[in-house]
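Notes for the one structure printed next.
We use all heavy atoms of the structure for the numbers below, so side chains are in, but hydrogens, waters and symmetry mates are not.
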Amino acid sequence: MLLDGKAVAMRLREEIRTEVETLRPALGRAPGLTVILAGGEPASRVYVRNKRLACQDAGFNSELVELPPSAAQRDLERLIDKLNGLDEVDGILLQLPLYPGLDSQALLERLDPSKDVDGFHPQNMGRLALGLPGPRPCTPAGVMALLKHYGLSPSGQRAVVVGRSNIVGKPLALMLGANSLEANATVTLCHSQTPDLREECRRADFLFLALGRPKAVSADMVKDNAVVVDIGLNRTEQGLTGDCDFEAIRPKTTAITPVPGGVGPMTVTMLLRNTLEACKRRNKL
């Protein structure tokens with residue numbers, strides 16, 4: 001089974017769009033998201049454009065604030081402080097990576113946690129670890145929503161997450177191991193110092209790949225009938241590819257995500273959901 005993130009994302013966005021229209025009369029406006037772009041990566045511009053288009057399509061108010069390479073840490077601090085205080089701004093997204101010399105962690109911690117729609121603020125990461133409500137990092141949340149849509153529950157299964165980034169690997173491991181009907185997996189978190197990555201992957205009923213290395217996982221590293229979720233997105237001379245050898249692995253799996261068209265569209269959709277939920281919480285709706 002191919003896990004079509006694009007199709008699922010479009011369905012969820014339609015639900016979000018409908019809820020926005022329902023809330024608009026009580027709120028007197030649309031939910032508002034401000035994106036801060038203070039980095040020179042070409043890919044960041046593509047991501048920001050896609051996020052803003054998705055916001056517009058869902059009926060959100062979307063604003064982009066772009067800062068030049070000469071921007072100092074204090075400039076971003078002042079901007080975040082201003083946005084924290086604006087009632088019409090429900091969500092703030094600091095697009096990473098930033099220009100060299102800027103302290104991204106300090107700036108993420110400066111965000112009002114209630115407006116942190118990426119779910120990266122330490123307070124929100126702590127709430128995730130404790131199983132308390134709050135915004136969840138968008139890519140892991142998208143993975144969980146995709147599994148739910150297709151009725152693929154990791155409960156009671158062995159889940160292996162390859163990659164321990166704060167953005168994907170760590171929060172995904174926490175979500176998979178949470179005490180809930182849609183989680184309850186036995187989770188192994190692998191990384192660059194894992195002694196035998198091949199053997200760890202072969203044990204997985206659910207295998208989640210977030211290495212950032214094209215085709216790093218081959219067919220002999222995946223057991224028969226596993227569910228493989230490839231979160232990697234790598235630009236190669238042959239085009240975009242994930243972290244696994246998709247064509248070789250697909251025949252062995254129960255389900256697998258394509259790259260592109262798998263997890264990527266779900267990430268943007270979870271950003272919309274987080275922004276909508278932030279708006280509702282802040283306005284007690």
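Arg273 is linked by a salt bridge (Lys or Arg N to Asp or Glu O under 4.0 Å) to nothing, counting only residues two or more places apart in sequence or in another chain. For Gln73, there are no side-chain hydrogen bond (donor to acceptor under 3.5 Å, both in side chains) partners at least two apart in sequence or on another chain. Scanning for salt bridge (Lys or Arg N to Asp or Glu O under 4.0 Å) contacts around Glu21 gives Arg24, with sequence neighbours left out.
The two residues Ala54 and Arg13 make their nearest non-hydrogen contact at CB-NH1, 3.8 Å. Of all heavy-atom pairs between Gly59 and Ala30, the closest is O-CB, 3.1 Å. Contact detail for Ile92 and Leu33: the closest heavy-atom pair is N-CD1, 4.1 Å. Taking every heavy atom of both residues into account, Cys190 and Leu197 meet most closely at CB-CD1, 3.8 Å. Here the closest non-hydrogen pair linking Leu107 and Leu98 is CD1-CD1, 3.6 Å. Nearest heavy-atom pair across Val117 and Gly91 is CG1-CA, 3.7 Å.
To the nearest 0.5 angstrom, Asn274 atom CG is 11.0 Å from Thr269 atom OG1. Residue Ile80 holds its CD1 atom at 11.0 Å from CD of Glu109, rounded to the nearest 0.5 Å. A distance of 11.5 Å separates NZ of Lys51 from CG of Leu64, quoted to the nearest 0.5 Å. Residue Leu94 holds its CG atom at 10.0 Å from CZ of Phe120, rounded to the nearest 0.5 Å. Put simply, CG on Leu209 and CD1 on Ile249 are 7.0 Å apart, with the number rounded to the nearest 0.5 Å. The distance from atom CG of Asn124 to atom CG of Asp118, rounded to the nearest 0.5 Å, is 10.5 Å.
Taking a 4.5 Å side-chain heavy-atom cut-off between Ile, Leu, Val, Met, Phe, Trp and Tyr, the cluster of Leu53 contains only that residue. Taking a 4.5 Å side-chain heavy-atom cut-off between Ile, Leu, Val, Met, Phe, Trp and Tyr, the cluster of Leu240 extends to Tyr47, Leu233, Val259.
Linking ILVMFWY residues whenever their side-chain heavy atoms come closer than 4.5 Å, directly or via other members, places Val229 and Leu152 in the same cluster. Under the 4.5 Å side-chain heavy-atom criterion for ILVMFWY residues, no single connected hydrophobic cluster contains both Leu271 and Met144. A chain of hydrophobic side-chain contacts below 4.5 Å, direct or via other Ile, Leu, Val, Met, Phe, Trp or Tyr residues, connects Ile231 to Met266. Val168 and Ile256 fall into different hydrophobic clusters, where Ile, Leu, Val, Met, Phe, Trp and Tyr side chains are chained together by heavy-atom contacts under 4.5 Å. Both Phe208 and Val187 belong to a single network of hydrophobic side chains, linked directly or stepwise wherever heavy atoms of I, L, V, M, F, W or Y lie under 4.5 Å apart.
Under the 3.5 Å distance criterion, with hydrogens and angles disregarded, no donor-acceptor pair is assigned to the side chains of Asn234 and Thr236. Thr139 and Thr267 share a donor-acceptor pair across their side chains, judged by distance under 3.5 Å alone.
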Exercise for the section: Please step through side chain to side chain contact (heavy atoms under 4.5 Å, CB included) for the pair Val162 and Cys201, ending with a clear verdict. Expected result: CA-CA 8 Å; Val162 185; Cys201 289; 3.9 Å; yes
Problem - Val20 and Phe60: CA distance, side-chain angles, deciding distance, side chain to side chain contact (heavy atoms under 4.5 Å, CB included) verdict - result: CA-CA 8 Å; Val20 168; Phe60 289 23; 3.2 Å; yes
Exercise for the section: Could you please spell out the steps behind the side chain to side chain contact (heavy atoms under 4.5 Å, CB included) verdict for Val65 and Leu79? Expected result: CA-CA 9 Å; Val65 180; Leu79 173 59; 3.6 Å; yes
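Note on residues 247-266: no pairs pass side-chain hydrogen bond (donor to acceptor under 3.5 Å, both in side chains), not counting sequence neighbours. Each salt bridge (Lys or Arg N to Asp or Glu O under 4.0 Å) pair with one or both residues in residues 155-165, not counting sequence neighbours, would appear here, but there are none. The salt bridge (Lys or Arg N to Asp or Glu O under 4.0 Å) pairs that include a residue from residues 205-220 are Arg198-Asp220, Asp205-Lys223, where partners are two or more places apart or lie in different chains.
Side-chain contact between Ser44 and Leu37: present, with at least one pair of heavy atoms (C-beta onward) separated by less than 4.5 Å. At least one side-chain heavy atom of Thr194 sits less than 4.5 Å from a side-chain heavy atom of Glu200. In this structure, His121 and Leu108 have side chains that are not in contact, with every pair of non-hydrogen atoms separated by 4.5 Å or more. At least one side-chain heavy atom of Pro122 sits less than 4.5 Å from a side-chain heavy atom of Gln105. Contact of the Leu111 side chain with the Lys115 side chain is not registered, since no non-hydrogen atoms from C-beta on lie closer than 4.5 Å.
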For residues 171-185, dump all side-chain donor-acceptor pairs below 3.5 Å to protein atoms at least two apart in sequence or in another chain.
| residue | atom | partner | partner atom | Å |
| --- | --- | --- | --- | --- |
| Ser180 | OG | Ala183 | N | 3.4 |
| Glu182 | OE2 | Lys148 | NZ | 3.3 |
| Asn184 | ND2 | Ser180 | O | 2.8 |

Only pairs under 3.5 Å count here: list side-chain donor-acceptor contacts from residues 126-136, not counting sequence neighbours, and write none if there are none.
| residue | atom | partner | partner atom | Å |
| --- | --- | --- | --- | --- |
| Arg127 | NE | Pro133 | O | 2.5 |
| Arg127 | NH2 | Pro133 | O | 3.1 |
| Arg136 | NH1 | Leu132 | O | 3.0 |
| Arg136 | NH2 | Leu132 | O | 2.7 |

Under 3.5 Å, side-chain donor or acceptor atoms of residues 277-285 against the rest of the protein: list the pairs with distances, not counting sequence neighbours.
| residue | atom | partner | partner atom | Å |
| --- | --- | --- | --- | --- |
| Glu277 | OE2 | Lys280 | NZ | 3.3 |
| Lys280 | NZ | Glu19 | OE2 | 2.6 |
| Arg282 | NH1 | Asp87 | O | 3.4 |
| Arg282 | NH1 | Asp90 | OD1 | 2.8 |
| Asn283 | ND2 | Cys279 | O | 2.8 |

Taking only distance into account, with no hydrogens and no angle test, what donor-acceptor pairs under 3.5 Å do side-chain atoms of residues 1-12 form with protein atoms, sequence neighbours excluded?
| residue | atom | partner | partner atom | Å |
| --- | --- | --- | --- | --- |
| Asp4 | OD1 | Lys6 | N | 3.2 |
| Asp4 | OD1 | Ala7 | N | 3.1 |

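Between the Asp245 side chain and the Val217 main chain, no donor and acceptor come within less than 3.5 Å of each other. Side-chain atoms of Ser153 come within 3.5 Å of backbone N or O of Ser155 as a donor-acceptor pair. Here the side chain of Asp230 pairs a donor or acceptor atom with the backbone of Cys244 at under 3.5 angstrom.
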